[in-house]
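Chain A is the first sequence line, chain B the second, and so forth, proteins listed ahead of strands; every chain is numbered from 1.
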2 protein chains.
Amino acid sequence: MARQKTTLKDIAELVGLSISTVSRALKGDKEIAAATRERVGKAAERLSYQPNVFARGLSTKNTRILALLTQGLHFSAFYRECLAAFETSAHHRNYYVLGCSVTQDGYGLQEYLPLLRGGMFAGVYFLDYSFNDAGMLDLSREVENAGVPYVAAYDAPDQPQGAHNLVRVDFGEQARQAVEHLLKLGHRHIALVTPWARPQFFNGYLRAYGEAGIVCQKPEHSCIRVGVIAEDQLMVRADEISRQVLELEPRPTALFVPKAILTGPLQFSLKRAGLTLPDDMAMISTKNVREFGYLDPPITSVSVDIHALAETATEMLVDAVEAKGEAAARSAAVPTELIIRESCGAQAHAGRWKS
Amino acid sequence: MARQKTTLKDIAELVGLSISTVSRALKGDKEIAAATRERVGKAAERLSYQPNVFARGLSTKNTRILALLTQGLHFSAFYRECLAAFETSAHHRNYYVLGCSVTQDGYGLQEYLPLLRGGMFAGVYFLDYSFNDAGMLDLSREVENAGVPYVAAYDAPDQPQGAHNLVRVDFGEQARQAVEHLLKLGHRHIALVTPWARPQFFNGYLRAYGEAGIVCQKPEHSCIRVGVIAEDQLMVRADEISRQVLELEPRPTALFVPKAILTGPLQFSLKRAGLTLPDDMAMISTKNVREFGYLDPPITSVSVDIHALAETATEMLVDAVEAKGEAAARSAAVPTELIIRESCGAQAHAGRWKS
DNA sequence: CTGAAAGCGCTTACAG
DNA sequence: CTGAAAGCGCTTACAG
């Protein structure tokens, strides 16, 4: 098999030039005569030449391959949509993305470390990573040690300016908008199912009450904390959570569930418990996941603009890669949007609640 | 940035040997004295050595990177679960998987072609690809031209033996099992929403009726054909299809929807049309997608065993890669299983309908 | 049992 | 404007 690929040498022989000249001509070096540039280009096309990525990688030290590192990549619809968006924006710059999924039981670290240390990645995206997680922390250290540029997309309220490239996702603002929406619809007792390592959601929740001038009854009490969930524990955990919600006193009329992975199972679980949604219980989530549109009722959600996120992160990362470490760390924020569907009782009239 | 990585040379200097010896020692070459093997191994560990993947790729011609090529990879929950399974099985053999998504509007071909032609991939998985699709066809030709070994996982009833490595997924059998399940539950008018390029589903559908000794009324008539669906057309198409289903005369009591991507939207659409599920309309799908478990009602489905599929495909592919084209094409089949949930009216008692 | 050398296919100073 | 040469970091016949 492994047919002979065409190399620079083949082209050089065909046009009667040296491989150095061919190499330069192909990358459009202005030093090379326009006529020979053209001649070489045609020959390359005729032989359907493609540079060997490994040879190029070996000499330039830029493999043009970016890694997306995150926990439970394939487990989360949101992360997968991000991967697709990153891919698209990377392709615009002639880069490629390899999705690397790390699980909470440590899978991933030893799988991707050889590639990372072996110089496979020109740069790394960290998506929504939690410094509280030991595995991710190890990985981010390894990335730094390997001297590979990276950009992190997550909520970093206390991040010192310039510590690393950062696309900030504002969880507090997401919570604020979500709870504001519920308050406007008349809800007063809103339970929060919050990831334990993310105080931002709770803060935003309180902020919304404050801004609306409404007193939040027993906020701590309405706050259900949940950690990492294994894939096969999803329904079991959802049932536990819905039980907890229903035991709350007074019983909440609405639920804010930032963890998108829980939304479907939790909705299902509440219906099984005999509730009519959204009348007996409104629900709002974060992240814009396609499936939200045909859950019953469709889920209203507050989300970052995934494409803006991808564009911003890719631009930063590619710039950092091409600056070879000369560039200072940058940071940017990505806006949040409210996508109204039906799970909160509002009619999904286009844009009605958009502000 | 780009800190100096440790190379063979560093180790060689440390232990006072040549890089050839170090290289051999590290791969456990028996020719090398056990004592020096150990000494070298320790030095490598101390310097946390990892071979540069590009240098290795350049000289061995095996990059250990596999590509998963399929249409709408990130769009389909099933494909994503396959990607995760392929990754895991590839890691066992020390290979890596890069998911390459091709869309029907041609996105993907020009994105991945440079990598393919550039020698990036040691092998390729084709998942469920349709030879009727021009883009995929081009890609598969390119893979052959590049001399890259591949394995295809799809239904290939008429595939000449040994044309290429094949893991056969039996769509006809899936349809047979699905319809058999519905017939056992008493349904007699079953509509089929079938991908236009897959006559196997229709054949399996007829076979189930035949085996049950039940006359299928107007089979052609109950068959709704559907092609590739763009991501943003999902709900629109689902509404069209549910309208067509409800206009069928006599009206079907059950629906077989092999395309998993349609299942949720279609269920949603039928409910919006006022039907109670599963009483007014039973529904069965193919592929085992996690989300099916918390749709309302949860979807009963017939699926290949994804992990068996991954194991089989990876073994074939890696063997082909390492045989460097010496190996003859192999072929294998992957079993189908019925996963009973509630969308057909059967109670989801564990294993009750399992055979 | 170990080493010197060539080669994988590119890029990039350095000459001319 | 073009070319000869060194180098990226590995592997692998070929000697010894």
(Q) Among D/dC10, C/dG3, D/dG9, which nucleotide has an atom closest to any side-chain atom of B/Leu8? (A) D/dC10
(Q) So, does A/Ser23 get its side chain near the phosphate of C/dT12, meaning an N or O under 4.0 Å from OP1 or OP2? (A) no
Q | Options D/dT12, D/dC10, C/dC10, nucleotide nearest the side-chain atoms of A/Thr7 | A | C/dC10
Q: Please give the nucleotide sitting opposite D/dG16 as a Watson-Crick or G-U wobble pair, both distances under 3.5 Å, or none.
A: C/dC1
Q: Could you please name the option among C/dT12, D/dT11, C/dT2 that lies closest to any side-chain atom of A/Ser20?
A: C/dT12
Q: Measure centre to centre between the rings of B/Phe86 and B/Tyr125, then say whether the value is under 6.0 Å.
A: yes
Q | Test item: B/Ser89 side-chain N/O and B/Thr314 main-chain N/O as donor-acceptor pair under 3.5 Å | A | no
Q | Rounded interatomic separation in angstrom, taking CD1 from B/Ile19 and P from D/dT11 | A | 10 Å
Q. Whole-Å distance between C/dC8 P and B/Met120 CE?
A. 19 Å
Q: May I ask you to say whether A/Asp319 pairs ionically with A/Arg330, meaning some side-chain N is under 4.0 Å from a carboxylate O?
A: yes
(Q) Just the rounded figure in Å: distance from P of C/dG3 to CG of B/Asp29. (A) 13 Å
Q: Could you state the atom-to-atom distance from NZ of A/Lys30 to P of D/dT2 in whole Å?
A: 14 Å
**Q.** Any donor-acceptor N/O pair under 3.5 Å between D/dA4 base and A/Ser18 side chain
**A.** no
Q: Check every atom of D/dC8, D/dG3, C/dA4 against the side chain of A/Leu17 and return the nucleotide holding the closest atom.
A: D/dG3
Q: Take the protein atom CZ of A/Phe54 and the nucleotide atom P of D/dG7, then report the distance between them rounded to whole Å.
A: 24 Å
Q) Taking CZ from B/Arg39 and C1' from C/dC1, how many angstroms apart are they, rounded to a whole number? A) 13 Å
Q. Which of the following nucleotides, D/dC10, D/dC1, C/dT12, is nearest to the side chain of B/Asn52?
A. D/dC10
Q.
Heavy atoms from C-beta onward define the side chain here; which of C/dT11, C/dA5, C/dG7 lies closest to that of A/Lys27?
A. C/dT11
Q | Listed nucleotide nearest any side-chain atom of B/Ser59, set D/dT12, D/dC10, C/dT11 | A | D/dC10
Q: Before giving the answer on ring-ring contact (aromatic ring centres under 6.0 Å, His included), spell out for B/Tyr154 and B/Phe126 the whole-Å C-alpha distance, their side-chain angles and the decisive distance to 0.1 Å.
A: CA-CA 8 Å; B/Tyr154 70 123; B/Phe126 274 107; 9.0 Å; no
**Q.** Protein-nucleotide distance (A/Arg56, atom CZ; D/dG9, atom P), rounded to Å
**A.** 18 Å
Q: Among the candidates C/dC8, C/dA4, C/dT11, find the nucleotide nearest to the side-chain atoms of B/Leu58.
A: C/dC8
**Q.** From C/dA4, D/dT2, D/dT12, nucleotide with atom closest to A/Ala33 side chain
**A.** D/dT2
Q: Could you give me the CA-CA distance, side-chain angles and deciding distance for B/Ser23 and B/Ser20, then say whether side-chain hydrogen bond (donor to acceptor under 3.5 Å, both in side chains) is met?
A: CA-CA 5 Å; B/Ser23 171; B/Ser20 337; over 6 Å; no
(Q) Whether A/Lys61 contacts D/dG9 is assessed here as follows: a side-chain N or O lying under 4.0 Å from the phosphate OP1 or OP2. Is that the case? (A) yes
Q: Rounded to the nearest angstrom, tell me the gap between atom CD in B/Gln50 and atom P in D/dG9.
A: 15 Å
Q.
Do A/Val53 and A/Thr63 have side chains that approach each other closer than 4.5 Å (heavy atoms only, starting at C-beta)?
A. no
